[in-house]
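Inspection log for the structure reproduced underneath, given as structure tokens.
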Amino acid sequence: MISWQSSTFIAKPAEEVFAYVADVRNDPNWHKDVKSATVIKGNGQLGQGTVFDVKAKVSGTEEIIAYEAPHKVVLKGGDMGKMVPTDIRTIEPVEGGVRFTRHVDLEASGFMGWMTKRMLGMITKRNDHFVQNLKQVLEGA
């Protein structure tokens with residue numbers, strides 16, 4: 001398993017940040033590897049069991065496996081070949097806003113596992129960039 005994490009302060013209420021990051025359809029606005037996301041399973045409201053079809057550099061599905069509003073949402077990737085990401089997005093209230101953290105665990109086998117380990121520095125830097133994009137989008141900068 002390979003892991004990386006990035007966090008930032010966002011000057012917005014926890015409920016607003018959570019609502020935005022829990023809805024993967026918003027990811028193309030800040031996670032620039034994601035081109036589009038649509039809900040393919042769910043009852044009309046986001047929650048555990050909602051599944052998104054995600055078009056990205058590595059396309060597949062993402063399912064909400066934990067939904068703890070307004071503090072944490074966990075997404076598990078599927079249909080992505082030899083890579084299975086778990087994307088943990090946490091929102092911790094702090095004075096003046098929240099501390100947002102995006103932690104990713106990636107199970108990758110074979111060549112993809114080997115390649116991902118060698119690219120970990122670049123992947124971590126890209127994750128830092130995505131988290132900063134989120135801050136800019138939500139704060140309107």
Can you give me the closest heavy-atom contact between Pro93 and Ala14, atom names plus distance? CG-CB, 4.3 Å
Atom OG1 of Thr90 and atom CZ of Phe100: how far apart are they, to the nearest 0.5 Å? 7.0 Å
With the side chain counted from C-beta on, respond yes when Val137 and Tyr20 share a heavy-atom pair under 4.5 Å apart, and no when they do not. yes
Below 4.5 Å, heavy atoms only, C-beta onward: do Phe130 and Asp27 meet side chain to side chain? no
Sole residue of Val74, Leu75, Val104 in side-chain contact (heavy atoms from CB on, under 4.5 Å) with Thr86: Val74
Supply the atom-to-atom distance Arg102 CZ to Ile91 CD1, rounded to the nearest 0.5 angstrom. 12.5 Å
Distance from Lys57 atom NZ to Lys32 atom NZ, nearest 0.5 Å? 13.0 Å
Heavy-atom neighbours of Lys72 NZ exceed 12 at 6.0 Å: no
The reported gap from CG in Asp23 to CG in Asn26 (rounded to nearest 0.5 angstrom) is 4.5 Å
Using only atom types and a distance under 3.5 Å, with no angle test, would you say the side chain of Glu63 pairs donor to acceptor with the backbone of Gly78? no
Evaluate the side-chain proximity of His129 to Ser6: yes if any heavy-atom separation is below 4.5 Å, no if none is. no
Can Val73 be reached from Val51 by stepping across I, L, V, M, F, W or Y side chains whose heavy atoms are under 4.5 Å apart? no
Over 60° means perpendicular and under 30° means parallel, so classify the ring planes of Tyr67 and Phe18, tilted if in between. perpendicular
Minimum heavy-atom separation for Arg99 to Val94, with atom names? N-CG2, 4.0 Å
To the nearest 0.5 Å, how far apart are CZ in Arg25 and CG in Asp53? 12.5 Å
Could you tell me if the side chain of Asp33 sits less than 4.5 Å from the side chain of Arg126, heavy atoms only? yes
Are Gln5 and Thr101 packed together at the side-chain level, in the sense that at least one heavy-atom pair is separated by less than 4.5 angstrom? yes
Hey, which of Val54, Thr61, Ile64 is the one that makes side-chain contact (heavy atoms from CB on, under 4.5 Å) with Val24? Val54
Side chain proximity check, Thr50 to Val39, heavy atoms < 4.5 angstrom: yes
Rounded to the nearest 0.5 Å, what separation is found between the CD atom of Glu95 and the CZ atom of Phe9? 8.5 Å
